[in-house]
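Notes follow the structure.
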Number of protein chains: 2
Amino acid sequence: MKKDTTYYGVKEIARRANVSIATVDRVIHNRTGVSEKTKRKINDIIKELDYQPNILASRLASRKIITLAVLIPRVSEETDFWEAPLRGIKRAESEIKKYGIEVLHYFFDLNDKNSFEEQARKLLKEDVQGVLLSPSFIEESKEFVQACHTKKIPLAFIDSDLPGQDNLCYIGPHLFHSGYVSAKLLTYRLKENHKVLVVNISKEIDYNYQQIEKGFRSYFTDHNQPCEIVRIDIADTDNLSVTNALTRVLHEHKDLEAIFVTNSRVFAVASFLKKSKRTDISLIGFDFLKENINYLNEGLIDFLICHKPEEQGYRGLMALYQKLVLGAPVEKVHFMPIDIITRENQAFYQN
Amino acid sequence: MKKDTTYYGVKEIARRANVSIATVDRVIHNRTGVSEKTKRKINDIIKELDYQPNILASRLASRKIITLAVLIPRVSEETDFWEAPLRGIKRAESEIKKYGIEVLHYFFDLNDKNSFEEQARKLLKEDVQGVLLSPSFIEESKEFVQACHTKKIPLAFIDSDLPGQDNLCYIGPHLFHSGYVSAKLLTYRLKENHKVLVVNISKEIDYNYQQIEKGFRSYFTDHNQPCEIVRIDIADTDNLSVTNALTRVLHEHKDLEAIFVTNSRVFAVASFLKKSKRTDISLIGFDFLKENINYLNEGLIDFLICHKPEEQGYRGLMALYQKLVLGAPVEKVHFMPIDIITRENQAFYQN
DNA sequence: AACGAGCTCGGGTACGTACCCGTAAATATA
DNA sequence: TATATTTACGGGTACGTACCCGAGCTCGTT
């Protein structure tokens, strides 16, 4: 590296303070063994010189390994959505491993708040320097975020945000706009009645869902497009519950033109429509799951909205790396593109 | 750093090949002074071990400084738009300077293709490892990109893209969608006639302009909103030319409801509207310039569309740094948000 | 006064890579 | 054959920081 640039390191600080490099090092990492007087003197020089540590050298010399943790949903039989973020996380891991980064994995069950709390508790017992979190459960996540905050552990959120909560960054979809775009796409398929059904299939009413529906409804109000919106919550995610609920609502509202599913479980609705031969109803939902793609290709699903989940995992972990290792600034919010997948372009999609 | 992770460095390669570290180093940087036989042997071991150099150590040990160059428009009296990217570039510079990065600046005149070519020629004479480019002039930029390509110099584009041209990344607005959003906003202000004027004030007809107008028109066709679109090009950017051109067109089309300016020179139109007391006409354009903000506050401009120009500069340079120094992958396209600025929120905007 | 505990501090080595300098061997030139 | 030149390689130091291993010093205790 060039020397002519006016850059001062520990050596210069030591020289000016008439102490050794080791003493300067002790002050910088505020370890014990330095008198108040020299500590003050060194700190003054550090401030005067606006000393910026060389992170390259620092990481190289450090024998300490940095431990990161990820706390995300387990890949379940119900939905393989979380395969993609995990893939991205592992890709990031293999890239940064050689710089002394170790990553611990904690998985919770999306149908079980307790499992989240349990895994969070386990995680907090370890000495981790950063956490990648999918804050699926609002209240529980808030508590966890609070705990991390007191331990000064930076947090990166993926997939869904937790507004108002202190974090390093959020990497994921703009939920409101995703709902908005969904509504837009849906209008392409509307004909006469302008009557649509919003379906939320989830054990927990989460933040994601609320924002998405808000955006969805906003589109119609924004565009002054009158549209009757029927909505149901299906709290049990098994096939029978979905079938029963949909049978009931379709019986009540015979003139439904389209269905919007607020998460990746759109395949469950597609399966129902196929069985009940209601292929006249348009269907739109989220995420590039194998099952969803199948129904997309069969023509039962019209559109899928995707947010590059693998990249979310990759970027989330890399954000922590950037912050902790390189000391580089991290952008607070990074919205993923709102990708629109149809039968025609799905083959080329990079999930 | 931890040792237990199976990581092999030059030392291990040297040990296995029964040569010194220096020889391995020669092979890695394919310098001269190694016999074909040992070179082959070492290369085989490198491949076998899947050797990944430690970039931290590499940069630390290297006395070589990495030279980057930026080739962007000069800040002119006509428009101070390029102040913002330059600010971002300088911010990035000060952050990476200490890792031996030097940045050369080349500025060209947006009204003069020749100045671009001249600066490009100057730049190519230097031994630079990466270039941050604003490809304002299509043909000239393509030539320049070609030259960089043969010299294997990675290129980061900001502000406008050059599709089909080989580059490291593009960081900037989605031009088409910016036009699209502009049209959307404009419809908020339309009343009866649905007649709008598109104004392009520029010496050169650039790629930006074409894409933006395309997006603008698409909105109306997409939404089947019939709208008569009048358009003029004003090739001379001085005040008199603008005044003359606008006077003529407003005389011809007395029932214009709104004007869309396809770049940051919307202030010139605002000034004209103010003088000719045509405050009934809605106005929309681009960029957070001081003059534009003044007219926004006066109510002459209704909306400004912005794309975080400072961040574009910052991220553009950082992308090159990421690639060249950290060896980290860089995302090929990063679209900036399409920010909507009104009189009400402009005070809070981060340009 | 002698001793040890505790505090303050410096020397020196290591991290993984880059590269300068020197040297022995191989080859060319006389 | 003797000498010059080239080729092929190794030793060793440096980059800026972290941290181990002590050394000296002060002060209280006996």
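What you see is a predicted model; the values in this text were computed from it and never measured. Below, chains carry the letters A, B, ... as their sequence lines are ordered, and counting in each starts from 1.
Residue A:S20 places none of its side-chain N or O atoms closer than 4.0 Å to OP1 or OP2 of C:dC9. In this structure, B:S58 does not reach the C:dG16 phosphate: none of its side-chain N or O atoms is under 4.0 Å from OP1 or OP2. For the OP1/OP2 pair of D:dT17 and a distance below 4.0 Å, the side-chain nitrogens and oxygens of A:Y51 include at least one atom meeting the criterion.
Atom CG of A:D25 is separated from atom P of C:dT13 by 17 Å (rounded to the nearest Å). Note: CZ (B:R40) to P (D:dC9) measures 12 Å, nearest angstrom. Computed from coordinates, the A:N54 CG to C:dC15 P distance equals 18 Å when rounded to whole Å. Atom pair A:I21:CD1 and C:dT13:C1' shows a separation of 12 Å (rounding to whole Å applied). Look at CD1 on A:I13: it is 11 Å from P on D:dA18, rounded to the nearest Å. The separation between A:L60 atom CG and C:dA14 atom C1' is 9 Å, rounded to whole Å. Atom pair A:K11:NZ and C:dG10:C1' shows a separation of 15 Å (rounding to whole Å applied). The CD1 atom of B:I42 sits 12 Å away from the P atom of D:dA8 (whole-angstrom rounding).
Taking only side-chain atoms of B:A22, from C-beta outward, the nucleotide of D:dG16, C:dC20, C:dT17 with the closest atom is C:dC20. Taking only side-chain atoms of B:V10, from C-beta outward, the nucleotide of D:dA18, C:dT17, C:dG16 with the closest atom is C:dT17.
There is a side-chain donor-acceptor pair under 3.5 Å between B:E331 and B:H334.
The residue from B:R91, B:K308, B:E95 that alone fulfils the side chain to side chain donor-acceptor pair (under 3.5 Å) condition with B:Y314 is B:E95. Of the residues B:N30, B:T38, B:V27, B:I28, the one that meets the side chain to side chain contact (heavy atoms under 4.5 Å, CB included) test with B:N43 is B:V27.
Side chain B:R26 to base D:dG10: a donor-acceptor pair is found below 3.5 Å.
Between A:L49 and A:E12, the closest heavy-atom pair is CD2-CG, 3.9 Å.
For A:F288 and A:Y349, the ring centers sit closer than 6.0 Å to each other. The ring of A:F157 has its center no closer than 6.0 angstrom to the ring center of A:Y170.
For the contact set between residues 28-38 of chain B and DNA chain C, defined by any heavy atom under 4.0 Å, the members are B:H29, B:R31.
Nearer to the 5' terminus of DNA chain D, by closest-nucleotide assignment, is the contact made by B:V19 (compared with the other of B:V19 and A:Q52).
Residues A:P73 and A:F108 meet the side-chain proximity criterion, which asks for heavy atoms closer than 4.5 Å.
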